[in-house]
Amino acid sequence: DVKVTQSSRYLVKRTGEKVFLECVQDMDHENMFWYRQDPGLGLRLIYFSYDVKMKEKGDIPEGYSVSREKKERFSLILESASTNQTSMYLCASSLSRQGYQPQHFGDGTRLSIL
Amino acid sequence: GQSLEQPSEVTAVEGAIVQINCTYQTSGFYGLSWYQQHDGGAPTFLSYNALDGLEETGRFSSFLSRSDSYGYLLLQELQMKDSASYFCAVIINRKLIWGLGTSLAVNP
């Protein structure tokens, strides 16, 4: 079974802090994704990566950056946290870029910015 | 732009059948996928349709009509544990574009 692990289940940070959210998958998946989920807005893609050191912007990349130095790890960085970044953050991975492969999600990190 | 529409809420009783519709307006469509998410949980994959027709997996089935830009998820023999949110998602350029989700409440 695929395991996608997010480093924190709950996180509280202050405005202006630099925040790191970590995600690790254990199935040698090529693709990794970061979403945020807000009530009434569904899942919105922030960034994704198809390979080590590669990244592509999703629909709402502003205020975020990512890092993928190793295949199994995909980090989301909030450069200077703001209150409107309070949200549930979900990491996902999928097997390869060939055809469609289901995405496997972590349990999410509920981030509060005070 | 890309858009998906699905009902925001559906209510049904145990043992019944429910259909959750999804219509989409997208370009570069590759396929339609469905995910389930329980309160406080992670989305989990249910089904995927790339071609027209019905795909059946146990109590759940998914249908796609590419010409109508329409699909649905059919849940049979509903159980209390099926109470969850159900998301349709369109596959475009290796990304998923998500609907806003349908909250299904199954009552005794």
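Per chain, numbering begins at 1; letters A, B, ... match sequence-line order. No hydrogens, no waters, no symmetry mates; every other heavy atom, side chains included, goes into these values.
Tracing side-chain contacts under 4.5 Å through hydrophobic residues (I, L, V, M, F, W, Y), one never reaches A:Phe48 starting from A:Leu76; they form parts of separate clusters.
B:Tyr35 has its ring centre less than 6.0 Å from the ring centre of B:Trp98. In summary, the aromatic rings of A:Phe105 and A:Tyr35 are positioned with their centroids under 6.0 Å apart.
Proximity to chain B involves both the backbone and the side chain of A:Gln103, based on heavy atoms less than 4.5 angstrom apart. Heavy-atom distances place the backbone of A:Leu41, and not its side chain, under 4.5 Å from chain B.
Residue A:Leu114 shares its hydrophobic cluster (ILVMFWY side chains chained together at separations under 4.5 Å) with A:Val12.
Between chain A and the residues B:Pro43, B:Gly101, B:Ala42, the most heavy-atom pairs under 4.5 angstrom are made by B:Pro43.
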